[in-house]
Structure formats: structure tokens, C-alpha cells
Amino acid sequence: MNNNRKLTTVLLLAGAFFLQNLQAQEFPKVRIDKSERGFSSTTVDQKIEQMQQTIKDKELAWMFGNCFPNTLDRTVRVGTKNGKPDTFVITGDIYAMWLRDCSAQVWPYMPYMKEDKSLQNLIAGVINRQVECVLIDPYANAFNFGKEGGEWMTDNTTMRPELHERKWEVDGLCYVIRLGYNYWKLTGDKSCFDANWHKAMQTIVKTFKEQQRKTSQGPYKFTRKTEKASDTQFGDGYGNPVRPTGMICSTFRPSDDATTYGYLVPSNCFAVVSLRQLAEMETAIRADKTFADECSALASEVDAAIKKYAIVNHPKYGKIMAFEVDGYGNYLMMDDANVPSLLSLPYLGYVSAKDKIYQNTRKFVLSTDNPYYYKGTAGEGVGGPHVGVDMIWPMAITMRALTSSDEKEIAECLKMLKNTHAGTGFMHETFNKDNPAKFSRSWFAWANTLFGELLVKVEKEHPALLEKTY
């Protein structure tokens, strides 16, 4: 996610071609040929074929066939390094690997690893590459394939040629743990979790503790020469002042936008889940009780701080979670489309979707009382400051459905996703609430595979919804 993203408008000719085919219930071929794909999985292709026979809405079925394999088709660079699998994963139209995005992009394929050893090796390669990245710099959010440098080398922070961007985001390190933990749980394979992995995990915990800022502001700061305020930070790069609470400061959000108040609540919730997962892994895989206890203690400390400082009384919704707080009593009431978000907390495993405070928070998030919730003639959903006013993120519509058990709500989300891809057959970063042809990022792989993940979940939990047309 990069500040150079420009809004893209679909060519009228392409739109007309799509509509003509749509009337005939024929859809253009937009998935690249097998010979051009970066990676092919027979198991994933079989799932696509099965789903396309199951989904009665032909357009949704076509979209699934394009979106679900998009990460494998076009974003992975698979190899070996030091005798171990090594996988570099780009986000789509930006040639760089975000710790967050690469984890989320391969996430929907993990259930198929046992049936496809090459797919398992690919994901093991992502874990190995992430370990390498964390050991290069735990404060960086995005990495180059090698030491080629890039456009942000002049940022006022400690840049290295391996780094694409150095924005400190708590969630990036959480995603590293989440991917490794679920890989281990699904495969039982421990080969990735060697001494280097352990060192990277220690580095993550050390970084989290530094950013609790109990005795100092820590070693990280960031400013950039830019006309976009959200691409740099206040306070000489440290951000606005915070009072120590036990939570972890995040200088930037999952959107790569600067935080207003340093304690970004959804990312701290994610850290609680991740640290507890890490404690379990360190106990079972490495028998390191001392470090496991350190992880558990930090998780409990952060969780207690969230409950003390991040829950506020809203005059309309009652007790809800703030988006950001500073420990001084100030808080920011909003939600952002990127994950972790307040909306996504059950998806990440922090709370049950039935939790009362979450339900109150959800009602706020999915209302115009959230300043970044937009309603228009094309759809409605959560946006954020990253792209701007009136731009809805399909990812947030997908996440709304992933965290719902209400079939009517899920169906409405599927309908909106179908009706707002602007004839491309793919998800985008954002679309205008009144005009889906006005969108940003024609190729955003995370949004594509997340959409595929949703349809697989619907097939499993609400199969009747795939019998409908939208």
C-alpha cells in the first residue's frame, strides 16, 4: 500500500465489451494462461472447478475463478535459499513484499497444503522469507527482493537497500506469527521453526516492548518530505505524545497511514492473539518455557491495557472500542477498512462475534456515525483516509460478511461485491460509492484472495446462499 496509488478509470470500450458479454451470460477470459502463471496448484484448481459448479450465480462463479488463484498466478516468486524454500510475494501492482499482505494473500490456500506438498513448500518459503525480513529490520513494513533500494531511500529514518519502505506497523509482525502458527497447526511441520526463526521471534517481542515506550520513545522515528500529511509523522517522527499504558505504539496503521494517537487498538488486539500463539509454539516446538512465559505475560499486559484504556462510552452505542487512544484520555472514534480493524476482531480471533462490546462497536462501525463509512447508489461500506472521501474498500465489505452469521447481511455483501467490480472480474482497493468504474488499484491481490476466502466460507457455512443469483 503506497502513496503513489492513482485512481483508475475503466475504459468505456472495455466496459461496453463486458456488458455485451454479460447479456449473453458469457464472460471475458481475464485469468492469465497457465503457461504464464508464477505457480500452479492442482488442488487449488480443483477447488476452483468445484466451486464454479457449486455457485449458481455465473458472474460470481467467474469472479471466484479469477480472484481466488490471483496470488499464486501472478505474485509469487518461488525458489530456494540456503537449501530451504524461499518465496517472495508482491502485493500486485507494487513490486514489493509487505509482511502483512503476503501473509494474508497466501492465507486462503493453507487448508490445501496437506494435499499439495508444493503448495506447502511455497508457504514454508513465505515463512522463511519473513524471518529473513524481520532479522533485517523489524521496524520495516515492506521489503525488496534483494538490495535494489527504491523510491523511499531518502525518508528520514534508518533506510537500507533491502527495504522498500520503513513504516513501523505493529500488525506486520503479528501477521508473521499468525502465518507460522497456523502453518504449524495445519501441517505439524516444524522445519521452519529453527534457530533463525526463534531469533526473529525474540526480535519481535523486543520490538513490541520497545514500543510500549515505558522509559523512552524507543529507537524508531520516521518523517518523509511529502504533501500528504498521513505519509509522515508528528513530533520529529515519533508521533503525538503517549502516556505508558502497557499497550504497544504503532507509528502507522495497516493502511500505511500515520496514526493520530499512538496506541492503535485493533493492532494491539491482534498482538494479544499473536503473542499467545507464539507462547504456545515456543512451548511445544522449542520447549523454551522462559520465553513462552515472557510472551504470555506481555499478551496479558497488553490485553489488560486495552480493557482499561480502549473501551469508551458512546452516547448512542454504549460501551465500544476506540480506534486509537493515547493514555491521556484522548481517543479517536472511527474504523478503517484495512485489517486489523475493529470490524475484523472476531476474524483475527480476539473476541467472539457475539461479544456485547464487539456488537456495539460493529453497529458504530457500520453506520454513518463512523466518519469513514460511506453510502451511495453503488454500495455502502467502510473506507478510510488512505484513498479518500466516498471511496469504499471491497475488503471491508468482504470482512463484514466474514464476521457475520446473518445470511441476509452476507447476501447483501455478495451482491455489492458482484455489482462493483466494474466489469474487470477482480476486486479493487476502493471504488466510488456512486460509480464503481472509478476505482483505485486494478491489481490488489489481497482483496482478490480475501474475496475467494469468503466464498469458500459461505460454501461451508451457508451453502444455500450459493444457490441464489445476485
### Task
Could you tell me whether a side-chain N or O of Asp155 sits under 3.5 Å from a main-chain N or O of Thr157, the two making a donor and an acceptor?
no
### Asn70 side chain to Trp443 side chain, donor-acceptor N/O pair below 3.5 angstrom
yes
### Message
As a quick check of understanding, evaluate ring pair (Phe, Tyr, Trp, His ring centres under 6.0 Å) for Phe68 and Tyr109, giving each step before the final call.
### Response
CA-CA 9 Å; Phe68 189 60; Tyr109 309 129; 5.5 Å; yes
### Message
Please determine whether a side-chain nitrogen of the Lys or Arg among Lys167 and Glu165 lies less than 4.0 Å from a carboxylate oxygen of the Asp or Glu.
### Response
yes
### Task
Hey, could you give me each pair passing side-chain hydrogen bond (donor to acceptor under 3.5 Å, both in side chains) that has a residue in residues 291-302? Not counting sequence neighbours.
Lys209-Glu294, Gln212-Glu301, Lys214-Glu301, Lys289-Asp293
### Message
For Glu162, run the side chain to side chain contact (heavy atoms under 4.5 Å, CB included) check against Asp137, Ile136, Asn144 and tell me which one passes.
### Response
Ile136
### Query
Passes ring pair (Phe, Tyr, Trp, His ring centres under 6.0 Å), Tyr350 versus Tyr358? Steps please.
CA-CA 10 Å; Tyr350 181 71; Tyr358 172 75; 10.0 Å; no
### Task
Report yes or no: do Tyr317 and Asp369 form a side-chain donor-acceptor pair below 3.5 Å?
yes
### Message
To the nearest 0.5 Å, what is the distance between CG on Asp93 and CZ on Arg441?
### Response
4.0 Å
### Message
Less than 6.0 angstrom separating the ring centers of Phe193 and His198, yes or no?
### Response
no
### Task
Spell out, as yes or no, whether a donor-acceptor pair under 3.5 Å connects the side chain of Arg100 to the backbone of Pro254.
yes
### Task
For a side chain to side chain contact (heavy atoms under 4.5 Å, CB included) with Thr71, tell me which candidate from Val106, Asp101, Val44, Asn448 qualifies.
Val106
### Query
Say you draw a straight line from CZ of Phe222 to OG1 of Thr251; how long is it, rounded to the nearest 0.5 Å?
9.5 Å
### Task
Could you tell me how the ring of Phe444 sits relative to the ring of Trp446: parallel (under 30°), tilted (30 to 60°) or perpendicular (over 60°)?
perpendicular
### Donor on one side chain, acceptor on other, Gln130 and Tyr175, under 3.5 Å
no
### Message
Tell me whether Phe234 at atom CZ has more than 12 heavy atoms from other residues, nucleotides or ligands lying less than 6.0 Å away.
### Response
no
### Check: Leu343 main-chain N/O paired with Asp335 side-chain donor or acceptor under 3.5 Å
yes
### Task
Determine, using ring centers only, whether His164 and Tyr95 are less than 6.0 Å apart.
no
